[in-house]
Structure formats: C-alpha cells, structure tokens
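Take a look at this one; I'll ask things after.
Atoms within each ligand, like the ligands themselves, are counted from 1 in listed order. Values below: every heavy atom of this structure, side chains too, minus hydrogens, waters and symmetry copies.
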Amino acid sequence: MPALVDRFGRTHTYLRISVTDRCNLRCLYCMPEEGMVFMEQDKLLSYAQILEVAAAAAKFGIRKFRITGGEPLVRPNLDELVAGLSALPGIEDISLTTNGILLAPQARKLKEAGLKRVNISLDTLDAARFKFIARRGDLNRVLEGVQAAAEAGLTPIKLNCVLLKGVNEDEIETFLKLSTDQPLHVRFIEYMPIGHEDAGWRNHYLPLSKVLEEARRLGYAVHSVEGPQGSGPSDDYRIEGGVGTFGLIHPISDQFCKNCNRLRLTADGNLKPCLYWVDELNVKQALGSEEAMERLFLRAMDIKPENHEMAALLAGEKLTHVPTERRMSQIGG
Ligand code: SAM
Ligand code: SF4
C-alpha cells in the first residue's frame, strides 16, 4: 500500500479519532453553554467501525492514533477501543486527549489496554476560574486525573492550556513554574476560531509570543529543546534546571501547516483532511469495502489544502474557501 502523501509532499502518519461530541464540560472557547445539539447516538461509528477505518489507515502507514472527542471518557468501555487499536499492526503510539474529569478511575485500565500517554486539558489552577472557563466540573477531579495518569505510567503527560486574553494570561507564570517543578509538559495553545469567529474569539485571542516575553521578564533562561514524544506542531522549550518542558502551539501567529501529518475522523464518521475547512469525506459509505476505504484515504490526500487561513480571518481579509461549521468538540481538536 502506498504512503499517504498529499499534493504538497506531506506524508500522513497520524490519525485523530473522535469517539463522541458529547462532553461533561462546556469550555467557553469550545462550545456554547446552552443549546448545543449533540449527534444522535445511532449516528456515531461503533468501535468495530472505527477499528475498520483505523485498520485501513494502518495499512497506509498511519502509526499514531489519538483518541479525542467531545470528552472521550464519557463514552463507555473506551479501553475496548484502545485494546483493538493497539492490536493493529505497525502502531507505535496511542494517546488520549481528555479533560481529566473521569480519568482517575480509568487510568490503570486504559494503560493495561495499551494506551501509552495522555494530554490533559488544564487552563487554570484556580478553582473559581475553572468554573468560569469550563462552566461545569471541578478542578480537583482534573488534578486527581493528572496524578492517576502519572501513577499508571501514562507518560509523558502533556497539559493543554488554551491561553485567553483577559482570562488566564496572568497564570502563564504559574504554568511555567509547573513545567520546572514537575515532570509535566505544558503546552500553551492559541485560541482558534473553529466553527465560530465571533467577538469572543477576537477579544480573547492571545498570540503566544506573550509566553516567551513573560519567561524573559521573569528572568528564566529558556532553551529550545526536542519536545517529548509526539510533539507535532509544538515549539518546545525547557527552563534551565526544570524537569518538565513547555511548548507553544501557535497556529495563528505562526502557522504550522507545512509539516502537517494528520487526518481526523469525526465521531459521526467523516474523514477531515484539515481541522479548519469545511471539506470532509463520509466513511460510512466505504465501510465493508477495502477498496472503497482505500479510495477514500487517497481522496483525502487529493483534497487536503495547503493551509488554514485563521490569520487572514483575524486580519479581516477575504478567505479563499469555506471554513467548517463544526465546533472543536465536533471534530476533536
Ligand atoms: N474534551 C477533551 C479535552 O478537552 O481535552 C478532548 C477534546 S478537546 C476538543 C481537544 C483540545 O482542543 C483540548 O485541549 C481543548 O483545550 C482544545 N480546544 C477546544 N476548543 C479550542 C479552541 N477554540 N481553540 C484552541 N483549542 C481548543
Ligand atoms: Fe469538552 Fe474538551 Fe470542549 Fe472543554 S475542550 S468543552 S472538555 S470537548
């Protein structure tokens, strides 16, 4: 089987698999507090169907899977999917992105099923602010999840922190300290307009140059480093003497598309070549036919765009194509 190489010479080795669009939180940058319409349960791919798509992907040279959502841990028996994915030939890495709320009781079981590591979303270490950003849930549960992941060996643990102007930018120092004191990998992420490009995004978007400015202001000696396993689009750094690292994921202020190696599978069975644009291919029509599934992956390579245009959107310029209407929770990040 040929490798998945697109029109711009990028080889694809990474598939992000969303298992649900539902979530036990309502993070303000991801979905509205009320009125979100969720996919009907019978429209979701079953685990067997996801494994069929994943097996085709593995034949094309996909080596890494990331399970995401919505909140993936609200879907029952996720360890069964992990076990199925880890039994596929050639798979080198299976990871999970989670808000951590339901992680503590499941960490060990997931590890035993073959999960290698977790990214846990954590935008604040302040309990009241957590309620403001996530609108539901409890910070302590997330911190227990981080602890349980470390104890279960789901490492390296990355903490995903979306920086929001006027909301949590005053915690950059706290997160930088966390990356020096503990073997944690803090990844600051720029707020992206996915499925929404409203005033909230424009008001709260913060370019990540702010993080390096803050590190300089604090007098830290910061060294560029090779990030922990699977760093992807992140620029990684270590503060001198620190045990962890921090990384910057800045799709808007410094686009990373030229190295993009990823495809996305939505929970309702669509293959998305790019997070940003509307284009997607329905995998349900290809289920049951190896040939149709192969054609679908090759078609994804044909239609994969060169880049997103979030910076152009911020600058008020006209876009060349149509952005997706899916919210981040309906794609998987
Ligand atoms: N529920 C899980 C979680 O929060 O980790 C997994 C799904 S969530 C959609 C995946 C990642 O996308 C999270 O790290 C989240 O912080 C990030 N995210 C969601 N909306 C975003 C946005 N508008 N801009 C940047 N990152 C976003
Ligand atoms: Fe849920 Fe994750 Fe979106 Fe927050 S970022 S609402 S935890 S899917």
Side-chain angles (χ1 to χ4, degrees), residues 16-36 38-39 65-75 78 95-103 106 117-124 130-139 141-142 145-146 149 154 157-165 167-168 175 185-208 232-234 247-253 256 262 264-267 272 275-276 308 310-311 313-314 323-333:
R16 296 177 68 95
I17 300 171
S18 173
V19 293
T20 180
D21 62 331
R22 289 174 194 253
C23 189
N24 42 6
L25 301 182
R26 294 285 183 277
C27 302
L28 55 85
Y29 48 73
C30 181
M31 58 165 110
E33 185 166 15
E34 304 291 343
M36 195 71 193
F38 294 106
M39 296 165 189
F65 295 121
R66 173 172 296 279
I67 301 171
T68 177
E71 173 47 41
L73 294 178
V74 303
R75 184 141 173 192
L78 195 68
S95 58
L96 172 78
T97 299
T98 171
N99 62 31
I101 295 275
L102 298 173
L103 183 57
Q106 298 192 53
R117 59 197 178 86
V118 287
N119 285 18
I120 301 172
S121 295
L122 185 63
D123 306 313
T124 178
F130 183 90
K131 289 264 186 232
F132 175 75
I133 297 175
R135 298 177 175 133
R136 298 184 183 182
D138 176 0
L139 174 64
R141 300 271 300 279
V142 183
V146 176
L154 290 169
I157 297 174
K158 296 181 188 169
L159 299 180
N160 286 356
C161 174
V162 179
L163 275 185
L164 304 167
K165 185 155 88 190
V167 177
N168 61 353
F175 278 102
H185 305 281
V186 175
R187 287 152 28 115
F188 297 101
I189 302 175
E190 278 179 353
Y191 182 13
M192 292 179 248
I194 303 298
H196 68 299
E197 42 159 291
D198 52 16
W201 170 61
R202 287 175 191 280
N203 293 339
H204 293 300
Y205 165 72
L206 184 73
L208 291 190
S234 166
L248 308 180
I249 300 182
H250 36 50
I252 302 169
S253 64
F256 48 52
R262 55 189 64 190
R264 294 173 166 85
L265 179 64
T266 66
K272 277 189 75 62
L275 172 69
Y276 187 61
H308 65 70
M310 294 186 237
L313 185 70
L314 188 66
T324 184
E325 287 186 1
R326 287 180 185 264
R327 303 293 297 231
M328 204 64 122
S329 59
Q330 296 164 322
I331 303 173

* To do: List the closest protein heavy-atom neighbour of atom 11 (C) of ligand 1: residue, atom name, distance to the nearest 0.1 Å.
  => Thr97 CG2, 4.3 Å
* To do: Run the numbers for me: atoms of ligand 2, each under 4.0 Å from some heavy atom of Cys23, listed by number.
  => 1 (Fe), 6 (S), 7 (S), 8 (S)
* **Thr98, portion touching ligand 1 at heavy-atom distance under 4.0 Å** => backbone
* So which protein heavy atom does atom 19 (C) of ligand 1 come closest to, and at what separation? -> Met328 CG, 3.3 Å
* Looking only at heavy atoms of Glu190, does any of them come nearer than 4.0 Å to an atom of ligand 1? -> yes
* Asked: Has the side chain of Asp123 got a donor or acceptor atom that lies under 3.5 Å from a matching backbone atom of Val162?
  -> yes
* Protein contact to atom 3 (Fe) of ligand 2 [nearest heavy atom, distance to 0.1 Å] -> Cys30 SG, 2.4 Å
* Using the side-chain hydrogen bond (donor to acceptor under 3.5 Å, both in side chains) rule, take Thr98 and Glu71 through it: C-alpha gap first, then chi angles, then the decisive distance, then the call. => CA-CA 6 Å; Thr98 171; Glu71 173 47 41; 2.8 Å; yes
* To do: Compare Pro72, Ser121, Gly332 and give the one whose heavy atom is closest to atom 13 (C) of ligand 1.
  => Ser121
* Between His196 and Tyr191, what is the ring plane arrangement, given parallel below 30°, perpendicular above 60°, and tilted in between? -> tilted
* Asked: With a cut-off of 4.0 Å, which atoms of ligand 1 are near a heavy atom of Thr68?
  -> 6 (C), 7 (C)
* Structure fact -> Separation between CD (Glu33) and CZ (Arg136), nearest 0.5 Å, reads 7.5 Å
* **Any donor-acceptor pair under 3.5 Å from Arg327 side chain to Cys30 backbone** => yes
* **Sub-4.0 Å heavy-atom contact, Ser121 with ligand 2** => no
* **Backbone N/O of Thr20 and side chain of Arg75: donor-acceptor pair under 3.5 Å** => no
* Structure fact -> Restricting to heavy atoms, the pick from Pro72, Ser18, Gly70 nearest atom 8 (S) of ligand 2 would be Gly70
* Using a strict cut-off of 4.0 Å, indicate which atoms of ligand 2 neighbour a heavy atom of Asn99. => 7 (S)
* Asked: Which residue holds the protein heavy atom closest to atom 8 (S) of ligand 1, what is that atom called, and what is the gap in Å?
  -> Gly69 O, 4.4 Å
* **Interatomic spacing from OG in Ser329 to CE in Met36 - rounded to 0.5 Å** => 4.0 Å
* Asked: Mind checking whether Asn160 has an N or O less than 3.5 Å away from an N or O of ligand 1?
  -> yes
* Asked: Does Lys158 reach the main-chain N or O of Val118 with its side chain, forming a donor-acceptor pair under 3.5 Å?
  -> no
* Looking at atom 3 (Fe) of ligand 2, is one of the N, O or S atoms of Cys27 less than 2.8 Å from it? -> no
* To do: Give yes or no for whether the N/O distance cutoff of 3.5 Å, strictly under, is met between Glu71 and ligand 1.
  => yes
* Heavy-atom distance to atom 6 (C) of ligand 1: which of Pro193, Gly70, Ser329 wins? -> Gly70
* Would you say Ile194 touches ligand 1, if touching means a heavy atom closer than 4.0 Å? -> no
* Report yes or no: does Arg135 contribute a side-chain atom to a donor-acceptor pair with the main-chain N or O of Arg26 at less than 3.5 Å? => yes
* Could you tell me whether the side chain of Thr68 and the main chain of Gly332 form a donor-acceptor pair under 3.5 Å? => yes
* Is the backbone of Ile331 close enough, under 3.5 Å, to the side chain of Arg264 for a donor and an acceptor to pair up by distance? -> no
* For Met192, take its heavy atoms, then give the atoms of ligand 1 lying under 4.0 Å from any of them. => 22 (C), 23 (N), 24 (N), 25 (C)
